[in-house]
Amino acid sequence: MSAQHLTFAVGDIHGCLAELQALLSQIEAYAPEGRVVFLGDMIDRGPDSRGVIELIMAGPQKQGWSWLALKGNHEEMLLGARSGESDVDWWLLNGGKETLASYDHTIPAAHLKWLMQLPSIIVEPFRIFVHAGVDETIPLERQGEEIFLWIRRPDNYSGDYWGKHLCHGHTPSRKNPSTVGNRTNVDSAAVFGGSLSCAIFDDDIPGGPIGFLRA
């Protein structure tokens, strides 16, 4: 197995910078190279959303690594509050106050632009990476961020997902990371006293994760 074909899918960080740094150290110790996919909800609730965003925006510091971040519903709430498309108080009550505090109440334009440009889904031959999930009863091309960033399914639920394995966050539980059928949830409730975790996938082999890491 070549290390360059590994993907590490990281669950909801929510401003937990120390846990993120610890998990990235574990990831880099696990393999000499690979890809890290951040599944969204990098901000809100936790103590250092700014530090998390700055670290991820800076990109990997070691050769052979690539990082890709997806948008979560909390990034969408921030952007909606800034643009006037959604209620500011709704965002603030759902962790936005902590995010603003970490930025000393002024979020740099470069950070907002970066957040706006985040993709909401990655579809690959063997896998789908997305923040919240997909609805396998609707053709994928007819779905959008209202599903990709917000859908929730019961813990024991799995769909067919067009023959692919679905990896997501969004629905927190200290029992995660866990795999049920064709679906893996890596939101292990880091900001609620759980751990920050990632699922490890071999990009050349279909199916679920070959392992997990927790910090």
Side-chain angles (χ1 to χ4, degrees), residues 3-83 91 95-122 124 129-131 145 148-149 167-170 177 186-188 190-191 194-201 203 212-215:
Q4 67 188 30
H5 299 300
L6 294 180
T7 292
F8 300 80
V10 177
D12 301 37
I13 302 162
H14 282 303
C16 296
L17 178 60
E19 290 84 347
L20 175 59
Q21 290 169 325
L23 184 63
L24 289 170
S25 293
Q26 287 190 44
I27 289 171
E28 291 175 351
Y30 184 94
E33 57 188 14
R35 176 179 64 161
V36 179
V37 175
F38 302 96
L39 295 173
D41 279 12
M42 296 166 279
I43 61 166
D44 293 350
R45 295 197 173 113
D48 198 353
S49 290
R50 178 176 190 150
V52 168
I53 294 300
E54 287 178 342
L55 189 156
I56 296 174
M57 283 181 68
Q61 303 303 301
K62 287 191 173 183
Q63 282 193 324
W65 288 91
S66 63
W67 290 2
L68 178 60
L70 296 179
K71 186 187 295 182
N73 62 302
H74 280 261
E75 284 80 27
E76 185 181 60
M77 285 197 294
L78 181 158
L79 294 169
R82 295 282 306 187
S83 68
W91 172 57
K97 284 182 179 178
E98 291 86 345
T99 295
L100 276 183
S102 77
Y103 277 101
D104 201 19
H105 296 274
T106 304
I107 301 175
H111 287 206
L112 293 169
K113 181 179 180 181
W114 183 80
L115 291 168
M116 288 176 63
Q117 293 174 341
L118 294 175
S120 55
I121 191 169
I122 305 169
E124 297 183 340
F129 297 99
V130 68
H131 174 62
E145 292 190 343
F148 298 154
L149 306 187
C167 183
H168 68 92
H170 183 58
V186 288
D187 184 354
S188 43
V191 79
S195 60
L196 182 64
S197 65
C198 72
I200 308 166
F201 295 96
D203 297 343
F212 298 109
L213 296 173
R214 299 172 181 81

Engineer: With a 4.5 Å cut-off on side-chain heavy atoms, are Ser120 and Leu149 touching?
Structural biologist: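 They are in contact (side-chain heavy atoms under 4.5 Å apart), so the answer is yes.
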Engineer: Suppose we call two aromatic rings close when their centres sit under 6.0 Å apart. Are Phe8 and Phe212 close by that rule?
Structural biologist: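 Not under 6.0 Å, so no.
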Engineer: Should we say atom CE of Met57 is surrounded by more than 12 heavy atoms from elsewhere, each under 6.0 Å from it?
Structural biologist: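 Atom CE in Met57 is crowded, with more than 12 foreign heavy atoms closer than 6.0 Å.
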Engineer: Tell me if the centroids of the rings in Tyr103 and His111 come within less than 6.0 Å of each other.
Structural biologist: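 Centroid distance Tyr103-His111: below 6.0 Å, so yes.
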Engineer: Do Val186 and Val10 have side-chain heavy atoms sitting under 4.5 Å apart?
Structural biologist: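 They are not in side-chain contact.
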Engineer: Before accepting this row, confirm whether a basic side-chain N of the pair Glu75/Arg82 lies closer than 4.0 Å to the acidic partner's carboxylate O.
Structural biologist: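 A salt bridge is absent here (no side-chain N lies under 4.0 Å from a carboxylate O).
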Engineer: Please report the interatomic distance OG(Ser49) to CD(Glu98), rounded to the nearest 0.5 Å.
Structural biologist: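 So the OG of Ser49 and the CD of Glu98 are separated by 8.0 Å.
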Engineer: Check whether any side-chain N or O of Ser102 sits under 3.5 Å from a backbone N or O of Arg50 as a donor-acceptor pair, and report yes or no.
Structural biologist: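 Yes, because the side chain of Ser102 sits within donor-acceptor range (under 3.5 Å) of the backbone of Arg50.
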Engineer: Do Phe148 and Phe129 pass the ring-ring contact (aromatic ring centres under 6.0 Å, His included) test, and can you show the C-alpha distance, the side-chain angles, and the key distance before you say yes or no?
Structural biologist: CA-CA 10 Å; Phe148 298 154; Phe129 297 99; over 10 Å; no
Engineer: When the aromatic ring centroids of His74 and His14 are compared, is their separation below 6.0 Å?
Structural biologist: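 Yes, they do, as the ring centres are separated by less than 6.0 Å.
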Engineer: State plainly whether the residues Glu145 and Lys71 are in salt-bridge range, i.e. N to O under 4.0 Å.
Structural biologist: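 Between Lys71 and Glu145 there is a salt bridge, with a charged N closer than 4.0 Å to a carboxylate O.
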Engineer: CD/Glu19 to OG/Ser197 distance, rounded to the nearest 0.5 angstrom?
Structural biologist: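 Rounded to the nearest 0.5 Å, the CD-OG separation comes to 12.0 Å.
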Engineer: Run the numbers on Ile122 and Leu68 for side chain to side chain contact (heavy atoms under 4.5 Å, CB included), then give the verdict.
Structural biologist: CA-CA 10 Å; Ile122 305 169; Leu68 178 60; 3.1 Å; yes
Engineer: Measuring from atom CE of Met42 to atom CG of Leu78, what distance do you get when rounded to the nearest 0.5 angstrom?
Structural biologist: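 If I round to the nearest 0.5 Å, the distance is 10.5 Å.
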Engineer: Any chance you could lay out the side chain to side chain donor-acceptor pair (under 3.5 Å) test for Asn73 and His131, step after step, and finish with the verdict?
Structural biologist: CA-CA 8 Å; Asn73 62 302; His131 174 62; 2.9 Å; yes
Engineer: With rounding to the nearest 0.5 Å, note down the distance linking CD1 in Ile27 to CD1 in Ile200.
Structural biologist: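 Answer for the CD1-CD1 pair, Ile27 versus Ile200, is 8.0 Å.
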Engineer: Test side chain to side chain donor-acceptor pair (under 3.5 Å) on Arg35 and Ser66 and set out the steps.
Structural biologist: CA-CA 5 Å; Arg35 176 179 64 161; Ser66 63; 5.5 Å; no
Engineer: Could you give the distance from SG (Cys198) to CG (Leu23), rounded to the nearest 0.5 Å?
Structural biologist: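 The CG atom of Leu23 is 4.5 Å from SG of Cys198, to the nearest 0.5 Å.
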